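Presented below is the structure to which this report refers.
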Amino acid sequence: MEGAARRLAGGTAHRRGGSRADMAAARGTLRWVLAAAAALALDNGLALDNGLARTPPMGWLHWERFLCGTDCAADPRRCVSERLFVEMADVMVAEGWRDAGYEFVCIDDCWMAPTRDERGRLQADPKRFPSGIRRLADYVHSKGLKLGIYSDVGNKTCAGFPGSYNHYDLDAQTFASWGVDLLKFDGCNSGTLELLAEGYRHMSLALNKTGRSIVYSCEWPFYLRPLQQPNYTEIKQYCNHWRNFFDVYDSWSSIKSILDWTALHQDSIVKIAGPGGWNDPDMLVIGNFGLSWDQAVTQMAMWAIMAAPLFMSNDLRRISPEAKWLLQNKETIAINQDPLGKQGYQITKDKNFQLWERPLAGQAYAVAVLNQQEIGGPQNFTFSLTFLGNGLACNPACSIRQILPASRDWGVYSWVSSLSVEVNPTGTVLLKVVAL
């Protein structure tokens, strides 16, 4: 911690509590405040069209790898502390992560002190963040990076720290004064679905009111889904990206369940995604312990196809060269960041194989061939190029280049050609098809 504190000193000096009665009593006031704020937003052009997240945001987030580690004496390298984020920022610059596009260093749950300060403001744990969040933000910014932080729509975070309920405006002002660039806003302990929705709307308006550019990451639809179908048109008016499904784990079963859920619900979620608002399937766990090489390729390829925010949760200080190569793969990142901003979708399924496509700028398509079989060896999947882009992706001809698991040119094909792709079990082959 001392090394991190010294580096920060060199900068500029500047998952479920409160009673339900309290929430119910505040509901009428909150409705009035939201209505007034919404009217003000319309009058002043302060809708969520905040100019942010025009492509899916990219960065690093501590949660999946480091969870809620708070014992810095026993485990200083894995403790959620300013040291962790300073060291990660340093590595992101030194090892090419920033230059590859990963620009956010994001703090998740467990950064807070157990109580607010005497003025009602959130405060960082003084032992684990002795220099404070403002100093940490200054340091991250000095590296050409941006800082993300976490809070919760309810009265407590998922880990039991103070939430933002009844403090939305104050917390938004606090985050802006600290120089925060992204807010991940969780949905634990929110009471009713009405309060959940009001809280997400209120914080969006409060962030915009600060005048600071702060990307707004929501979990609104995930907390709605057990009881109510999300209104994605409304959600996109307030959030820059949003979680739909359970937290990712460092396992193939978790990655597979996310992909299966996305394919099952693609008719309702794909069409709403685009510049300024994205479906978020959760963190990249590549470089940890639970995925084979082929499964890591599948996560990277499919997150690119899904136009997903790319937030790694791993230890960049101890990552393998292979994982680094995959996460920094320029052609895959270019697909993820494609300016057309269309999310990909599954176009056919045949036994264990799935065929996905994503429209790209420049009359191109990204194509993923996923083999979900978990036994045996590599298998071939053959399909007609007329399947792609409603028959237009390769009409009258196209060039095909393989991006993952290794790059190579496949040459020029005609519209009536078939393609045979060999894919390892639980692996994916990612292609780029450009019409000629």
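Just so it is clear, the values below take in all heavy atoms, side chains as well, and ignore hydrogens, waters and symmetry mates. Small disclaimer: the values here were computed from a predicted structure and weren't measured. Residues: numbered from 1 along the sequence shown.
- Ion pairing between Lys432 and Asp409 fails under the 4.0 Å rule for side-chain N and carboxylate O.
- Residues Tyr200 and Phe185 bring their aromatic ring centres within 6.0 Å.
- Around CZ of Arg78, the count of heavy atoms belonging to other residues, nucleotides or ligands within 6.0 Å does not exceed 12.
- With respect to Arg243 and Asp247, a salt bridge is recorded, a charged nitrogen being found less than 4.0 Å from a carboxylate O.
- Interatomic distance, OG1 of Thr428 versus CE of Met300, reported as 12.5 Å (0.5 Å rounding).
- Look at Arg135 and Glu82 and you find no salt bridge, because none of the NZ, NE, NH1 or NH2 atoms lies under 4.0 Å from a carboxylate O.
- Summarising the local packing, CH2 of Trp261 is surrounded by more than 12 heavy atoms from other residues, nucleotides or ligands at distances under 6.0 Å.
- With sequence neighbours excluded, the residues that form a side-chain contact (heavy atoms from CB on, under 4.5 Å) with Ala172 are Met203, Ala206, Leu207, Thr210.
- Annotation for Tyr345: atom OH counts as buried by contact number, over 12 foreign heavy atoms lying within 6.0 Å.
- For residues 397-436, the pairs satisfying disulfide (SG to SG under 2.5 Å) are Cys394-Cys398, with sequence neighbours left out.
- Aromatic pair Tyr102/Phe104: centroids not less than 6.0 angstrom apart.
- A salt bridge links Asp260 with Lys256: at least one charged nitrogen is closer than 4.0 Å to a carboxylate oxygen.
- Other residues, nucleotides and ligands contribute more than 12 heavy atoms inside 6.0 Å of the CD atom of Gln266.
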Quick one: do Phe85 and His62 satisfy ring pair (Phe, Tyr, Trp, His ring centres under 6.0 Å)? Show the steps, please.
CA-CA 9 Å; Phe85 299 99; His62 93 249; 5.8 Å; yes
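- The list of side chain to side chain donor-acceptor pair (under 3.5 Å) pairs with a residue in residues 300-317, not counting sequence neighbours, reads Trp60-Asn314, Glu87-Arg317, Asp315-Arg317.
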